[in-house]
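See structure below.
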Amino acid sequence: MNRTELFDFFWRSHSSVTPDALRIHDLLGERGEAVVNDHVAFRTFDIEPIGVESLAETFLRLGWSPSGEYTFPEKKLRARSYAHSEEGVPHVFISELITAEFSGELRRIVGSLVEQVAAERRGSESLLGELPSWAPVSYEDYRRLQEESQYAAWLAAFGIRVNHFTVLVNALTTFDSLQALNAWLIAEGFQLNDSGGLIKGTPEQLLEQSSTRSNTIEWEFAGGERHVIPSCYYEFARRYVDPSTGELYRGFIAKSADRIFESTDDVRAAR
């Protein structure tokens, strides 16, 4: 697939489990907005053949370059971002769970999933462009993973798919701020992620972000068992001019991303 085909696949797979994203996209279109995608994000495990570097190879071949590295000690994650040489092409953000920092039980469950991915697929486009990534995880294992990591549970259930698309607020013409966009979304009935506040980041940090809470959908687990769980979400980003470059800031803010990750948290796991 070329770049356009790949991102078309990403949007189809994302919107199929994220009705809110499709509805927001359509509502913005009804206002006359041409939605521009700021970035997409993937989640993975730090195990070959699906580590960050493996997933990134497809993007590197298509013109993206590394643009930042980030760590999330509390959630035991690390991530890298990638920017394209062509202006207007979405950024890519790929994070991975540091499995060595978790229990043997989590590593066992995760290992049983990753071992289903053939080693020769390392760095291949198929890691990004084919779903499902592995056979359905059992609901029992999904719940066990939640006890240690919401991130791990989500990834075990949904595999390597785009976790969120992101509306570039700078490109909108009927909203003058992220605050105004958020107010409109709430009025339209969407639930926003308020972890750390509705808006993560500041103009001084050169990036402001907000996001919906994940949709909850019925999902199939091993043995045909079906349960309603959080899926994916839609994000909104406003970037500011970086004085050092004279261009819009191209990076991400780790503290903000840490809270954005929580858009897919399942509150039942805390009970």
Angle class for the W64/H84 ring planes (parallel below 30°, perpendicular above 60°, tilted otherwise)?
perpendicular

Ring centres under 6.0 angstrom apart (F190, Y233):
no

Parallel, tilted or perpendicular: which describes the rings of Y234 and W11, with under 30° parallel and over 60° perpendicular?
tilted

Residues R161 and S13: side-chain donor-acceptor under 3.5 angstrom:
no

Assess whether atom CD of E53 is packed by more than 12 heavy atoms of other residues, nucleotides or ligands within 6.0 Å.
no

Donor-acceptor contact present, side-chain S67 to main-chain S81, <3.5 Å
yes

Sort out for me which residue in L55, I94, V162, N163 forms a side-chain contact (heavy atoms from CB on, under 4.5 Å) with R43.
N163

Check Q146 against A153 and note the closest heavy-atom contact, atom names and distance.
CG-CB, 3.4 Å

Taking R213 for the side chain and E262 for the main chain, is one N or O donor matched with an acceptor at less than 3.5 Å?
yes

Any idea which heavy atoms bring L97 and K75 closest together, and the distance?
CD1-O, 3.8 Å

Heavy-atom donor-acceptor pair, T245 side chain to E247 backbone, under 3.5 Å:
yes

For atom CD of E87, is the number of surrounding heavy atoms from other residues, nucleotides or ligands below 6.0 Å larger than 12?
no

Can you pull the ring pair (Phe, Tyr, Trp, His ring centres under 6.0 Å) pairs that have at least one residue in residues 191-210, sequence neighbours excluded?
none

Side chains of E204 and Y240: do they bring a donor and an acceptor to under 3.5 Å?
no

When you measure from the side chain of R239 to the backbone N and O of G251, does any donor-acceptor pair fall under 3.5 Å?
yes

In short, F45 meets A152 closest at the heavy-atom pair CZ-O, 4.0 Å

Identify, with sequence neighbours excluded, every residue that meets ring-ring contact (aromatic ring centres under 6.0 Å, His included) alongside H39.
H164, F252

To check you understand the geometry: which heavy-atom pair defines the closest contact between E48 and V114, and what is its length?
O-CG1, 3.8 Å

Give me the atom names and distance for the closest heavy-atom approach of Q116 to W134.
OE1-CB, 3.4 Å

When the ring planes of F158 and W219 are compared, do they come out parallel, tilted or perpendicular, using 30° and 60° as the limits?
tilted

Closest non-hydrogen atom pair, P230 against W154
O-CD1, 3.8 Å

